[in-house]
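Heads up: numbering here begins at 1 and tracks the sequence.
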Amino acid sequence: MIDSRNEPSDARSGAQAVERSLSILRLLALRPADGLRIKTIAQATGLHVATSSRMVRAMQQLGFVEQDPDTRRYRLGFGAALLGAATASRLQVSAEIRGLVDDLADKTGESIYLCVRQGLSAVFVYRASGSFPIRAVTVDVGTHVPLGVGAAGMAILSTLPDDERDQVLQRVAPLVPEYRLKMSDVTELMAGTADQGYALMDGRTFPGIHSVGVAVPANRQHVQAGLSLSAIAERLGPQRQAAVAKDLRAAASRIAKLEFFKHLHAPASQRPGGAVFW
C-alpha cells in the first residue's frame, strides 16, 4: 500500500485515488468475461458503493473498464488489455522452470499449473499438458483467481501468517460465491490442507475435476508461488493424491532455487511484511 503520510494532503488524495483505481482493476481481472456488480466491487475493496461507482465510471470513460449492456456488470476494457499486452513478454517464466513443469506433466500425464501471488489473487503464469487424452484444462494462462479458490492458491494461502491469512479471507469473501463456493467450503478445504500437507480441490468449483496443490518455498525474488495438478476425479483418488503431492513438492523445491522472471521483480505485496490489497 502507498505510504503517503508525510506528503501534502492533495498528494495523499491523489495517491489514494490511484491505489483505489488499481485495486478495482485488479479485482475486475478476476472475472474478465462475466464482470462484477458495483455492490460486489465495493464489498471486496472496502470502498463505499458511491465511491466505487464514481471511480468505475471514470475508468470507463478512459477505456479501462466497460459495462456489459445486458448484465450491467463491469469488466476490464480494451485499454486495460493493451497495457497487459505491453508487458506480456516480461512475464515469460524462465526456461528452467518451464522445463520442470513440462517434465512433471510428462511424468504424470496430467495438466500442471504454476501460479504466482498478486495481492489477494493467484495468477496462472504457466501450464503444461500431459499425455492422458482427457485433459483437465480448467483455466488459461493469465487467469486471476482469489487466493483459496484453486489448489495452488489454497496452498499459498496456507503458508501465510495467521493474521495475514485472516485479512485475505475477509477481503476475498464477497467473491467466493462467484466460484460456486461458500466461505464454509473455503474454511473446510483450508483445514484439510493443514491436515494433509497439501491442498485438495474436490470438484466443487469445477465438477468432475480434482486438483492437488503445494506452495513453492520462498525464493530470492520473493515470489510467492504455487504448483498444482488437475485431473478428472477418477484418476485422482486418495492414494494417488499423496503420490502426486510428493512429486509436486519435489518440483516446487527445485523451482524455489531458480529465477522466476528474467526482467521482473515481485511487487511489495509479495514481499515479507507487504500490505494485503488487490
Side-chain angles (χ1 to χ4, degrees), residues 93 97-117 121-141 143 145-160 165 168-169 172 176 179-219 224-257:
V93 176
I97 291 179
R98 296 199 308 272
L100 287 173
V101 176
D102 291 342
D103 288 346
L104 191 53
D106 290 340
K107 178 180 179 179
T108 62
E110 312 293 359
S111 298
I112 308 295
Y113 296 89
L114 177 68
C115 71
V116 298
R117 181 188 178 189
S121 62
V123 184
F124 290 84
V125 295
Y126 189 67
R127 180 185 72 202
S129 298
S131 59
F132 189 70
I134 303 177
R135 298 179 180 178
V137 179
T138 54
V139 294
D140 295 321
V141 170
T143 298
V145 298
L147 290 176
V149 168
M154 177 64 76
I156 294 172
L157 184 63
S158 70
T159 67
L160 301 181
R165 185 167 61 245
V168 171
L169 290 172
V172 303
V176 166
Y179 298 85
R180 302 178 182 175
L181 292 171
K182 301 176 182 178
M183 281 306 295
S184 58
D185 294 318
V186 175
T187 302
E188 178 186 339
L189 293 167
M190 189 165 55
T193 300
D195 292 339
Q196 299 153 176
Y198 57 86
L200 172 67
M201 301 303 289
D202 55 7
R204 303 183 204 197
T205 300
F206 296 101
I209 302 296
H210 285 190
S211 301
V212 171
V214 302
V216 175
N219 59 83
Q224 292 176 305
L227 193 64
S228 64
L229 175 149
S230 293
I232 59 173
E234 293 79 3
R235 285 177 57 82
L236 202 53
Q239 185 172 355
R240 193 181 184 215
Q241 290 167 14
V244 162
K246 182 178 179 180
D247 288 338
L248 288 170
R249 287 195 202 95
S253 295
R254 295 179 65 186
I255 288 173
K257 299 174 184 178

Item to check | Candidate pair Thr205 and Val145, rule side-chain contact (heavy atoms from CB on, under 4.5 Å), full reasoning | outcome: CA-CA 12 Å; Thr205 300; Val145 298; over 6 Å; no
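Panel note: side chain Glu110, backbone Gly130; no donor-acceptor pair is recorded below 3.5 Å.
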List the atom pairs, with distances to 0.1 Å, where a side-chain N or O of residues 207-218 and a protein N or O form a donor-acceptor pair under 3.5 Å, not counting sequence neighbours.
from: His210; atom 1: NE2; to: Asp202; atom 2: O; distance (Å): 3.2
from: Ser211; atom 1: OG; to: Ser230; atom 2: OG; distance (Å): 2.6

Using a 3.5 Å cut-off and no angle test, enumerate the donor-acceptor pairs between side-chain atoms of residues 245-256 and protein atoms at least two apart in sequence or in another chain.
from: Asp247; atom 1: OD1; to: Lys107; atom 2: NZ; distance (Å): 3.0
from: Arg249; atom 1: NH2; to: Gly197; atom 2: O; distance (Å): 3.2
from: Ser253; atom 1: OG; to: Arg249; atom 2: O; distance (Å): 3.0

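Legend: salt bridge (charged side-chain N to carboxylate O under 4.0 Å, His left out) pairs involving residues 188-197, not counting sequence neighbours, sorted by first then second residue: Glu188-Arg204.
Scored by the salt bridge (charged side-chain N to carboxylate O under 4.0 Å, His left out) test, Arg98 finds no partners at all (sequence neighbours excluded). For Tyr126, the side-chain hydrogen bond (donor to acceptor under 3.5 Å, both in side chains) partners are Asp102, not counting sequence neighbours. Evaluation of the ring-ring contact (aromatic ring centres under 6.0 Å, His included) rule for Tyr113 yields Phe124 as partners, not counting sequence neighbours. Take Ala105 and apply the side chain to side chain contact (heavy atoms under 4.5 Å, CB included) test, not counting sequence neighbours, and it matches Ile112, Ala128.
Note that CD1 of Ile232 is 11.0 Å distant from OG of Ser111, once rounded to the nearest 0.5 Å. Residue Met154 holds its CE atom at 9.5 Å from CG of Leu147, rounded to the nearest 0.5 Å. Rounding to the nearest 0.5 Å places CZ of Arg240 at 12.0 Å from CD of Glu234.
Looking at heavy atoms from C-beta onward, Arg235 lies out of side-chain contact with Thr108 at the 4.5 angstrom threshold. Between Thr193 and Leu157, every side-chain heavy-atom pair lies at or beyond the 4.5 Å cut-off. Taking the side chain as every heavy atom from C-beta outward, Val139 and Phe206 approach each other to under 4.5 Å.
Of all heavy-atom pairs between Ile156 and Gly226, the closest is CD1-N, 3.6 Å. Heavy-atom minimum distance, Ser228 versus Ala151: CB-CB, 4.1 Å. When all heavy atoms of Leu160 and Arg165 are compared, the closest pair comes out as O-NH1, 2.8 Å. Val141 approaches Arg127 most closely through the heavy-atom pair CG2-N, 3.8 Å. Minimum interatomic distance between Val149 and Met201 (heavy atoms only, all atoms of both residues): O-CE, 2.6 Å.
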